[in-house]
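Contents: one structure, followed by commentary.
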Amino acid sequence: MEKSKKALPIVLASALAATPFVAVPQAYAVEKLDVSADNDGAGKESDYDIKFTLEEDLASGDTITVDFDSEFDVEDDISKKDIDGIDVKKVEVDGNEVIITVDEDFDEGDKISFTIKSGITNPDDKGTYDVSVETENESSDTDEVEIKKSSSSSSDKSKNDYSVTLSSKAAGEKVSLKLGKISLSGSDELETNSTITVTFPEKGMLPSSIDEDDVKVNGTTAKSVSISGSSVDIKIPSGADSDDYITLEFDKAAGIENPSSGDKYVFKVKYDGTTYESDEFEITKNGSSNSSASDSFTVNLSDPGAGARTSYTFDADFGSKELKEDGELILEFPSSDMVPGIVTASDFLLNGKSAKKATAIGNRIALVAPTGFKATSKVKVEVTYGAWISNPKSAGSYTLKATVSGRTLESKSFSIGGSSVNPTPTNPTNPTTPVPVPNTATNNSTATIALTQNALGKQTGLNVAIKGLGVGLQKQRDFIEIVFPVGYKVPAYIAPANISVNGVGANFVAVRGQNVLIYPSQDIPAATNANIVINPAANIVNPAVKNTYSISVFTSEERGLLFARAVGVGMPSPAQPKPVTPTPQQPSTAIPANSASFKVNTANFTLHGKTYPLSVAPYIADGNTTMVPAQFFKEALALTTQWNNTNVAVISGTKVVKFTVGSKTAKVGKTEIQLPTPVVLKNGMPMIPIRTVTDNLGYKVGWDAKTSSVYVYK
């Protein structure tokens with residue numbers, strides 16, 4: 001037995017040393033590139049259709065670059081009006097490169113489809129030429145375009161215009177649609193399984209998918225229908241084989257909707273390299289529409305303070321677009337820092353029912369309507385307080401967007417409040433419930449408040465030592481309130497990770513002018529100490545005027561002031577003792593005082609000399625990987641950490657590490673990394689390879705042979 005006990009430190013030390021650093025991220029390239037010309041004649045000007053699939057996210061402001069072979073003639077006056085199918089901020093031309101800056105967000109796996117409608121002239125000689133496409137986040141892929149002799153080309157745009165028949169010409173109305181009859185050019189005939197591509201004037205006219213039963217080709221149900229951007233690809237059924245014309249019919253059930261603006265439009269139908277353009281048709285803004293949908297909605301917030309955690313409630317009418325069972329509603333918030341890394345479906349209600357699924361991606365949350373949800377265009381959305389959505393950090397006017405089946409509504413502006421540079425402190429928040437009688441036996445005469453930096457106009461931390469509470473505080477419900485005097489600059493938002501109570505990161509922090517409300521993550525009994533540490537990273541700034549300032553402390557559960565202390569700003573610092581030279585009994589490699597430590601197979605951790613419980617003990621997996629519960633990162637390292645039975649997010653500032661239970665793949669920001677061993681669930685707690693978090697968030701891991709403990713510090 002003794003031999004076994006002595007072997008443990010060696011195994012653990014080896015495990016820490018052998019635990020691999022995260023893998024170098026792999027490069028990504030666009031996939032399934034398809035480039036086609038409307039006119040493949042030599043020396044002819046042509047539209048170019050570009051289609052590909054993303055391997056990485058593409059955000060608004062990122063670029064797509066289309067590089068044409070040097071034999072093409074690319075005009076330098078191509079503008080965003082010449083790009084159809086995606087939202088575009090700007091277009092630049094550099095030689096034969098067309099650089100498109102997008103004005104919308106795309107996710108990994110999305111299919112991108114757009115058309116360059118003018119400015120590209122084919123090479124003068126027939127042959128096969130390369131066209132390459134890359135994005136800002138992915139390397140290029142190349143497709144070949146075959147150019148034919150101009151005289152023998154059958155690919156010129158047909159002048160054979162055809163009619164467009166709509167069941168209604170009212171803007172925004174859901175309609176049935178008929179295109180044709182289109183006479184095919186030359187000796188062309190339809191072939192079974194070949195593709196007809198219909199390009200709609202706006203991609204917002206299309207739903208997310210169309211059932212083939214709702215589309216007919218020459219009177220026969222389509223073999224298959226797929227949507228990419230503003231284009232619909234239709235596979236020709238056997239019943240239309242050998243026909244020398246095309247008539248396309250879309251039933252109202254297909255979900256096609258007229259453009260939202262009154263204007264004149266055309267359709268394009270492409271088959272066998274030839275594009276046929278329809279007659280112009282007009283949509284009327286004030287047409288006879290039975291849709292009473294409003295393009296905007298009113299947002300109600302439980303707390304309009306800058307940076308405050310709040311609920312959101314609104315009613316939206318999507319007109320002809322309906323949210324159905326298992327359908328998706330997408331919420332777009334003003335900024336990604338408002339949205340936590342992980343969200344829970346039960347915190348989002350759609351017409352009073354919990355969402356079936358909720359997924360957070362940047363500033364967007366995708367909600368799936370629950371089983372049994374009654375299809376409707378009118379949706380009441382409730383984002384509860386428990387979703388941990390926070391307001392923008394800066395005061396101002398903001399809007400929220402909601403999308404169902406391709407229709408996006410934008411809310412009316414709502415105001416987020418803030419404070420001036422030198423606001424007047426507000427009165428401490430008084431509880432609305434009866435105030436308990438304070439315990440007069442507690443004595444805070446020796447309680448202290450100390451600045452970590454007393455220089456004028458500099459960021460400072462704060463250490464508050466409360467000697468005793470008259471009334472205990474309940475975790476996540478009650479709070480400690482610190483009031484800074486006029487002259488101090490207090491930000492509108494402070495991350496909970498920047499404040500700890502008794503060594504554990506705060507559960508939540510609210511800022512009200514000069515008042516900072518700190519909700520502890522653990523219960524604090526009456527008559528016990530409470531030590532609050534506010535890090536300089538909280539961005540509280542000392543006054544610019546040399547003086548003595550009084551900082552006050554309150555709690556939500558006691559009436560009146562707990563205590564106040566004077567601090568000197570701009571005054572000489574007290575004399576500091578000279579550092580002691582390390583001796584053999586006091587090695588210079590001492591464990592850092594701010595480190596958190598734990599032992600393998602022991603369900604607790606130690607911080608600042610105190611021991612706190614863990615729900616699951618750390619352990620070694622596969623002989624060389626140290627696994628710790630997600631709880632450790634939140635309570636021991638004060639990192640914002642969110643988890644459920646499926647996902648985990650560990651957040652430090654703007655950096656997020658995401659894990660999936662059962663997977664050996666994690667994400668650091670947008671970069672995928674490989675884990676040495678999968679994340680597993682034990683007693684409802686995800687167990688994480690510790691080095692993946694520490695290596696990526698700037699923490700260090702050490703081994704204390706004296707106590708057989710792992711310690712983590714920054």
Side-chain angles (χ1 to χ4, degrees), residues 29-53 63-86 88 91-100 112-135 138-161 182-191 194-199 228-229 231 233 244 266 268-277:
V30 299
E31 291 185 321
K32 301 177 182 177
L33 176 64
D34 178 48
V35 180
S36 58
D38 278 355
N39 186 338
D40 59 8
K44 296 290 186 179
E45 185 174 350
S46 175
D47 294 359
Y48 270 83
D49 296 325
I50 314 291
K51 298 180 182 179
F52 60 90
T53 301
T63 58
I64 299 171
T65 300
V66 183
D67 187 5
F68 289 87
D69 189 286
S70 60
E71 298 300 316
F72 285 86
D73 183 11
V74 180
E75 297 179 11
D76 58 9
D77 61 350
I78 297 175
S79 66
K80 65 181 185 180
K81 67 180 177 60
D82 299 317
I83 309 298
D84 186 32
I86 56 174
V88 177
V91 177
E92 300 172 276
V93 177
D94 183 6
N96 272 35
E97 290 185 344
V98 180
I99 305 165
I100 302 165
I112 307 295
S113 175
F114 61 90
T115 302
I116 304 176
K117 297 189 295 183
S118 68
I120 310 297
T121 301
N122 293 334
D124 292 332
D125 299 319
K126 73 173 184 176
T128 300
Y129 297 87
D130 290 341
V131 178
S132 300
V133 175
E134 66 180 40
T135 76
E138 302 170 84
S139 58
S140 65
D141 191 11
T142 301
D143 193 20
E144 293 181 340
V145 177
E146 184 179 358
I147 301 301
K148 301 175 182 178
K149 283 185 179 180
S150 181
S151 59
S152 63
S153 172
S154 62
S155 304
D156 290 340
K157 285 187 181 180
S158 172
K159 301 301 180 182
N160 183 14
D161 295 342
I182 305 169
S183 297
L184 300 180
S185 63
S187 58
D188 278 352
E189 292 182 348
L190 297 183
E191 295 182 9
S194 294
T195 299
I196 299 169
T197 299
V198 183
T199 301
S228 178
S231 297
D233 288 336
D244 61 358
V266 295
K268 293 180 181 179
V269 174
K270 182 178 179 181
Y271 176 69
D272 194 25
T274 301
T275 298
Y276 304 87
E277 193 169 287

Item to check | Heavy-atom closest contact (K32 atom, D141 atom, distance) | outcome: N-OD2, 4.2 Å
Checklist outcome for this item: So CD of E97 and CG of D67: to nearest 0.5 Å the spacing works out to 4.5 Å
Checklist entry - What heavy-atom pair brings I86 and S113 nearest, and what distance separates the two atoms? => result CG2-O, 3.9 Å
Checklist entry - Is the shortest heavy-atom distance from the side chain of F68 to the side chain of V98 under 4.5 Å? => result yes
Checklist entry - Got a sec, which residues hit salt bridge (Lys or Arg N to Asp or Glu O under 4.0 Å) with K51, two or more places apart in sequence or on another chain? => result D233
Checklist outcome for this item: When every non-hydrogen atom of D124 is compared with those of G43, the smallest separation belongs to OD1-CA, 3.8 Å
Checklist entry - Do S132 and T142 have side-chain heavy atoms sitting under 4.5 Å apart? => result yes
Checklist entry - For the side chain of S46 and the backbone of D38, is there at least one donor-acceptor N/O pair under 3.5 Å apart? => result yes
Checklist outcome for this item: With sequence neighbours left out, the residues meeting side-chain hydrogen bond (donor to acceptor under 3.5 Å, both in side chains) with E138 are T135
Next on the checklist: Quick one, E45 with I120, criterion side chain to side chain contact (heavy atoms under 4.5 Å, CB included). Give me CA distance, side-chain angles, the key distance, then yes/no.
Outcome noted: CA-CA 6 Å; E45 185 174 350; I120 310 297; 5.9 Å; no
Item to check | With sequence neighbours excluded, residues passing side-chain hydrogen bond (donor to acceptor under 3.5 Å, both in side chains) with T115 | outcome: D49
Checklist entry - From T65 OG1 over to E134 CD, what is the distance, rounded to the nearest 0.5 angstrom? => result 5.0 Å
Next on the checklist: Between Y271 and E189 (side chain of the first, backbone of the second, donor and acceptor by atom type, cut-off under 3.5 Å), is there such a pair?
Outcome noted: yes
Next on the checklist: Applying side chain to side chain contact (heavy atoms under 4.5 Å, CB included) to V145 and Y48, what does each step give before you reach the verdict?
Outcome noted: CA-CA 10 Å; V145 177; Y48 270 83; 3.9 Å; yes
Next on the checklist: Ignoring hydrogens, what is the shortest heavy-atom contact between K268 and T275? Give both atom names and the distance.
Outcome noted: CB-CG2, 4.0 Å
Next on the checklist: So V74 and V93, do their side chains get closer than 4.5 Å, heavy atoms only?
Outcome noted: yes
Next on the checklist: Between I83 and I116, does the side chain to side chain contact (heavy atoms under 4.5 Å, CB included) criterion hold? Intermediate values first, please.
Outcome noted: CA-CA 5 Å; I83 309 298; I116 304 176; 3.9 Å; yes
Checklist outcome for this item: For D94 and I99, the nearest pair of non-hydrogen atoms, with its separation, is CB-CD1, 4.2 Å
Item to check | Inter-residue atom distance F114.CZ - D84.CG, 0.5 Å rounding | outcome: 11.0 Å
Checklist entry - Distance-only, no hydrogens or angles: does the N96 side chain make a donor-acceptor pair with backbone N or O of F72 under 3.5 Å? => result yes
Next on the checklist: To the nearest 0.5 Å, what is the distance between CD1 on I182 and OG1 on T274?
Outcome noted: 11.5 Å
Checklist entry - Which heavy atom of I50 sits nearest a heavy atom of V133, and at what distance? => result CG2-CG2, 3.8 Å
Next on the checklist: Using modelled atom types and a 3.5 Å cut-off, is there a donor and acceptor pairing between side-chain atoms of N122 and backbone atoms of G41?
Outcome noted: yes
Checklist entry - What's the spacing between K44 NZ and N39 CG if we round to 0.5 Å? => result 6.5 Å
Checklist entry - Can you find a side-chain donor-acceptor pair between K270 and S231 that sits under 3.5 Å? => result no
Item to check | side chain to side chain contact (heavy atoms under 4.5 Å, CB included) evaluation trace for Y276 with L184 | outcome: CA-CA 9 Å; Y276 304 87; L184 300 180; 3.8 Å; yes
